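To find a chain, count down the sequence lines: A is the first, B the second, and so on, and within it residues start at 1. These numbers come from a predicted model, not from an experiment.
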Amino acid sequence: MNEILSIQNLSKNFGKIKAVDDLSFTVEKGTVYGILGPNGSGKTTTLSVITGVLHPASGSYRWFGNKPGKWERKRMGSLIEIPNFYPYLTLFQNLQIVARIKNVQEEDINRVLGITDLLRRKYSRFDTLSLGMKQRLSFASVLLGDPEVLVLDEPANGLDPEGIAEVRKIIMSERDKGKTIIIASHILDEVEKVCTHVGILKMGKLIASGRVDKLLVMDRVVTMSAPDNTKLKEILEKSGLVKSIKEDVDSITATILSETEPGEINKYVIEKGITLTRLEVNKPTLESQFLELVREQN
Amino acid sequence: MKKLLKNELTKTLNYASFKVIMTLHFVLFLLIIIVFSRIDIAVPGFSMRNLFRFPDVWATFAWIASWFNILLAILVIVLVGNEFSFRTFRQQVINGLSVEDLVIGKGIIIFLIALYSLLLVFLSGSVFGIIFSHNFEFADLFSKSYLLAVYFIQAVGYMIIGMLFAIIFRNNSLSIIMFLLYFIFIEPIIRRFFSPEVRQFFPVKIISHLTPPPEVLTIASEKTIENSTGTSNFDFESIGLIPHQLSLFVTLLLAIGFIALFVFLIFQIMRRRDL
């Protein structure tokens with residue numbers, strides 16, 4: 001049984017708004033599936049349906065090949081939207097409640113608090129935590145009982161850069177253990193770094209899906225300046241390193257081939273006697289990637 | 001089931017408002033029965049002390065305890081409403097409970113609160129009964145003790161109605177306000193539109209009439225009602241001071257029927273709505 005999750009023609013609307021529109025995809029065992037989309041594209045709604053809190057308007061989904069129910073949910077660790085805990089209970093008591101629901105030994109609580117670096121706050125009330133710590137506690141709760149499937153909705157939300165790096169490290173180590181992970185995110189970079197597969201949502205519809213390395217290959221855009229921009233442009237055009245090039249007021253913008261490293265450009269132009277005063281690699285935005293994908297679809 | 005119980009206890013017993021309300025409930029109940037037992041109205045052939053003797057003490061104490069049912073119902077509204085406002089009902093479903101488990105969990109708490117309240121009435125009733133009854137037959141002791149069971153059903157009934165309101169409105173302050181308005185105004189006003197025979201079958205009326213005041217107190221209020229026909233009638237009715245025609249047994253069966261209906265509604269609403 002390799003199919004962990006399969007969604008067939010799932011739709012969900014809130015009043016007249018179609019939050020999820022005829023969505024179908026499957027997630028295989030051991031893959032990290034990223035659901036990518038801008039805010040309001042239906043990511044959280046999709047995850048809320050498959051974790052049992054929203055009723056689908058039509059369509060269906062299966063977990064582990066079964067009709068979904070509470071026993072399937074106990075085998076998953078899910079983090080949907082914001083951390084939901086009892087503010088007046090301690091971290092330990094809050095995790096005790098989760099452990100009892102999932103039939104997990106209470107000894108596991110210390111392990112997950114350790115992973116998320118919250119052990120010294122074990123007996124603090126939940127409402128005394130900072131936002132980042134609350135998010136980390138959600139993560140601890142997700143990891144409780146070492147579930148075979150993780151469902152994560154914007155796991156890096158509200159975390160500082162260090163926290164984001166930690167969470168990414170945890171996700172990667174879970175991935176390397178062979179866990180199946182489903183992540184919703186609007187951050188292209190996050191999905192690119194951790195996912196093996198990706199589905200792109202727009203207005204509740206799946207506009208593209210497939211392996212990350214096939215779907216998200218993109219050209220990088222580099223912005224450069226030199227004392228003489230016109231000369232720089234001429235040199236680059238002949239170099240064979242760039243796809244297209246455009247001159248702006250005080251800089252030039254070049255789309256470079258995906259196998260080209262920005263450093264190579266620098267090296268090349270220095271050899272030609274030009275010193276760059278600015279070299280900036282622009283990460284393609286999700287929006288531009290979308291436009292690209294939508295264009296490809298048509 | 002055992003884990004469900006443990007979780008409900010962790011959530012409830014550590015909640016500050018729960019501790020405060022239950023302490024108030026305990027202290028006020030004891031204060032009221034102590035104060036009540038010290039009043040002696042000199043009516044020829046009647047002594048307030050009779051109310052504290054076996055077997056009448058069960059009726060008296062069940063009646064006094066029933067004053068606190070609204071408090072217990074509000075407590076349940078807060079406990080259920082918190083699960084919505086903390087979004088923990090939602091989280092527990094995500095973690096692996098069914099919506100039925102959520103309802104059963106709160107049902108357990110309602111049962112335990114009613115059981116505790118029953119024990120309080122039973123223990124204080126026993127103590128006062130022993131103090132006030134000079135010599136009593138063993139049969140006297142238990143002849144009206146079924147009223148304890150009736151009180152238990154009533155307390156459960158109030159709390160189930162509270163839970164229903166909390167699940168409909170999902171917001172503590174709105175649920176509490178609607179619950180109180182329903183008890184004090186809405187149902188009494190609706191009842192006005194029906195004939196007296198039909199009126200007595202409304203849920204609040206049925207459930208609040210399970211523990212009628214001791215007979216000596218109703219004689220006085222009955223007179224008042226006869227004198228005041230018209231507008232002020234429902235004041236007496238709403239606080240349960242009107243003698244009703246249905247027998248206690250029929251009232252009890254109807255009350256259990258209403259509780260079953262409300263439990264059914266709670267399950268249906270929880271199953272159909274998104275969390």
Side-chain angles (χ1 to χ4, degrees), chain A residues 12-14 19 44-45 47-57 63 68-90 92-106 125-127 137-138 141-142 144-145 147 149 151-153, chain B residues 1-23 75-76 78-106 108-109 166-167 170-172 267-275:
Chain A
K12 174 73 186 172
N13 45 293
F14 298 112
T44 299
T45 309
L47 295 189
S48 301
V49 170
I50 62 174
T51 50
V53 291
L54 297 181
H55 301 288
W63 277 110
K70 66 174 175 179
W71 300 107
E72 279 67 39
R73 293 198 295 276
K74 285 182 209 284
R75 292 166 67 182
M76 307 154 24
S78 310
L79 161 58
I80 310 292
E81 281 182 303
I82 46 167
N84 300 318
F85 292 99
Y86 296 90
Y88 57 88
L89 294 182
T90 64
F92 178 69
Q93 287 168 327
N94 269 304
L95 290 182
Q96 252 185 328
I97 288 178
V98 181
R100 287 183 196 134
I101 293 176
K102 291 190 175 293
N103 296 321
V104 169
Q105 294 298 312
E106 285 185 11
R125 275 170 60 122
F126 174 72
D127 56 7
L137 182 63
S138 295
S141 151
V142 164
L144 204 58
V149 177
V151 180
L152 308 169
D153 183 14
Chain B
M1 192 72 169
K2 201 175 144 200
K3 285 182 171 165
L4 211 54
L5 168 70
K6 273 189 177 174
N7 268 356
E8 287 303 318
L9 290 179
T10 304
K11 287 187 243 173
T12 313
L13 297 180
N14 290 297
Y15 184 48
S17 305
F18 176 81
K19 291 185 225 171
V20 172
I21 292 179
M22 289 319 280
T23 311
L75 178 63
V76 167
V78 173
L79 292 177
V80 176
N82 278 348
E83 301 272 8
F84 285 110
S85 48
F86 301 153
R87 297 167 72 85
T88 39
F89 261 173
R90 189 185 156 93
Q91 191 61 46
Q92 288 173 92
V93 167
I94 291 173
N95 289 343
L97 289 189
S98 61
V99 283
E100 288 80 8
D101 291 334
L102 301 180
V103 176
I104 293 167
K106 285 292 170 270
I108 292 174
I109 284 298
I167 279 171
R170 301 173 162 217
N171 166 311
N172 278 339
F267 273 112
Q268 284 303 311
I269 295 171
M270 288 293 285
R271 278 189 195 126
R272 274 154 201 242
R273 272 218 225 153
D274 284 335
L275 274 171

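When the options A:Q96, A:R100, A:Q93 are evaluated for a side-chain hydrogen bond (donor to acceptor under 3.5 Å, both in side chains) with B:N7, the one that passes is A:R100.
A side-chain N or O of B:Y15 and one of B:N82 form a donor-acceptor pair less than 3.5 Å apart. Side-chain atoms of B:R87 and B:Q91 include no donor-acceptor pair closer than 3.5 Å. Side chain to side chain, B:S98 and B:D101 meet the donor-acceptor criterion of an N or O pair below 3.5 Å.
Of the two parts of A:S48, only the side chain, counted from C-beta on, holds a non-hydrogen atom closer than 4.5 Å to a non-hydrogen atom of chain B. Neither the backbone nor the side chain of A:E72 comes within less than 4.5 Å of any heavy atom of chain B. In this structure, no portion of A:N94 lies under 4.5 Å from any heavy atom of chain B. At a 4.5 Å heavy-atom cutoff, B:K2 makes no contact with chain A through either its backbone or its side chain. For B:E83, the part lying under 4.5 angstrom from a heavy atom of chain A is the side chain only. Using a 4.5 Å cut-off between heavy atoms, A:I101 contacts chain B through both its backbone and its side chain.
Within the 4.5 Å cutoff, the side chain of A:V53 has no heavy atoms near those of the B:F89 side chain. At least one side-chain heavy atom of B:L4 sits under 4.5 Å from a side-chain heavy atom of B:L97.
Per-residue heavy-atom pair counts under 4.5 Å with chain B were compared for A:I82, A:L79, A:T51, A:I97, and the maximum is reached by A:I97. Listed options A:P87, A:G52, A:S78 were ranked by heavy-atom pairs under 4.5 angstrom with chain B; first place goes to A:P87. Ranked by heavy-atom pairs under 4.5 Å with chain A, the first of B:V99, B:L275, B:N95 is B:N95.
Counted within 6.0 Å of CD on B:Q268, heavy atoms from surrounding residues, nucleotides or ligands total more than 12; the atom is thus considered enclosed.
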